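Notes for the one structure printed next.
In listed order, ligands and their atoms are each counted from 1. If you're wondering where the values come from, they're calculated on a predicted model, not measured in any experiment. The figures that follow rest on heavy atoms only: side chains count, while hydrogens, waters and symmetry mates do not.
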Amino acid sequence: MEPTKYLLSEAEMPRQWYNIIPDLPVPPPPVLHPATGQPIGPADLAPLFPLALIQQEVSQERFVPIPEEVLAVYRLWRPTPLYRARRLEAALQTPARIFYKYEGVSPPGSHKPNTAVAQVYYNQQEGVRRIATETGAGQWGSALAFACRLFGLEAKVYMVKASYFQKPYRRSLMEVWGASVTPSPSNETNAGRQVLAQDPDSPGSLGIAISEAVEDAASREDTRYSLGSVLNHVLMHQTIIGEEALKQLELADAYPDVVVGCVGGGSNFAGLAFPFVREKLRAGKPTRILAVEPAAAPSLTRGVYTYDFGDTVGMTPLVKMHTLGHTFIPAPIHAGGLRYHGMAPLVSLLYELGLIEARAYTQNPCFEAAVQFARAEGIVPAPESSHAIRAVIDEALAARERGEACTILFNLSGHGHFDLAAYDAYLAGKLEDFDYPPERVQEALATLPKVTA
Ligand SMILES: *Cc1c(COP(=O)(O)O)cnc(C)c1O
């Protein structure tokens, strides 16, 4: 009998993260100081991050050992299963073999604790007692709340106001793990007050919530900031996904022709894909690597590759990335985790170098794919993950058209149990497809910081 899932034992779990930087054909562009426009040093970041993470951000080590304390927590749900989607293949009548890595088995239900646990551990080691962060739909906030609880730190989460009221159960989850959750924009920070003065009814955005959390951390000695995506160290922590997948595919005697992931800030995609990019760069494997984004926030396919702020108010360092402009606020699609104006600098660089491909979809075709997946495989995907599934189904149908076998691997980054209201709206035919508004993006791009570097 052919297996449905490929499992690793705890002893077989990888003990290193993969850092792609030393394998890149060109070095990543430097991070710049928001005021001076000059490259920043570790001291500039010290008010926000512990030293260990600042070092990982610029590390040239190809493999970084995962601390024992982090491995011990990972074992609560890792290694995660690799599935062969046999029932989906049959439903699609495709000759393609479809594999997926399922990250929804973690306690918060997504890939995000892979980095939350690591980040909180390094903060604890350096004596930090409290962490401030932002969250959109609540997945990152719940991952950080979970990790803070395990290591005994306080968690303060600025949650995008629209989601705070639309997704009350993610907030409940954070509160069960002991976090304190504030709707953003709030009156608790200068950044929040500045936004509210301009627009008292602001629904908030990830960029605004980042401004609030950064200000909170910078203004308190006992507090550091934590980001759930985008940064190099975050992407590196996620590579345990791809390292496990490489071992599991060996058990299946398979190697992917196409690797697919959805992208918001780029972390789950990078986590699965970077080890396969390594094999492409170092071993000459011809794998296609595909990043899938929402048409409402198409930073890779429609954005500009330039220096921009990570937040809305303009407090973070400047990073070179694909961006729609830091003041662009994406339409309220249900994939809250994909509503971000920028893209991870490392993912942006790979796209610029032609090492990865990108594609954008509106939300109705993504929910259609998610429902088809749930009816075949059982698991109800997160709306974010549904973007990857749409692309996978399209690839599998194209393989059927061509009458050619191929092997597809994708990341099922989380489950959709907290997103059933979005499924309700889809099934009732009430889901709106948002067009990318070129005028609003032109406005936002006009506010790009002027950088000569
Ligand atoms: C946050 C989130 C994403 C998007 O973030 P990335 O950093 O791009 O991975 C995707 N899927 C799920 C389930 C998420 O929670």
Quiz item: Would N114 and E103 count as having a side-chain donor-acceptor pair, cut-off 3.5 Å?
Solution: yes
Quiz item: Do K156 and Y158 meet the cation-pi criteria used here (NZ or CZ under 6.0 Å from the six-membered ring centre, within 45° of the axis)?
Solution: yes
Practice problem: Under the ring pair (Phe, Tyr, Trp, His ring centres under 6.0 Å) rule, what do Y18 and F63 come out as? Steps first, then yes or no, please. | Solution: CA-CA 5 Å; Y18 168 58; F63 292 102; 5.8 Å; yes
Quiz item: Is R84 positioned over the aromatic face of Y6, cation under 6.0 angstrom from the ring centre and no more than 45 degrees off axis?
Solution: no
Quiz item: Between A396 and I408, what is the shortest heavy-atom contact and its length?
Solution: N-CD1, 3.9 Å
Quiz prompt | Within the 4.0 Å heavy-atom sphere of ligand 1, strictly under, residues | solution = S110, H111, K112, Q139, S229, C262, V263, G264, G265, G266, S267, N268, G337, L338, A382, E384, S413, G414
Practice problem: Compute whether any side-chain donor of one residue and acceptor of the other, for E384 and S413, lie under 3.5 angstrom apart. | Solution: no
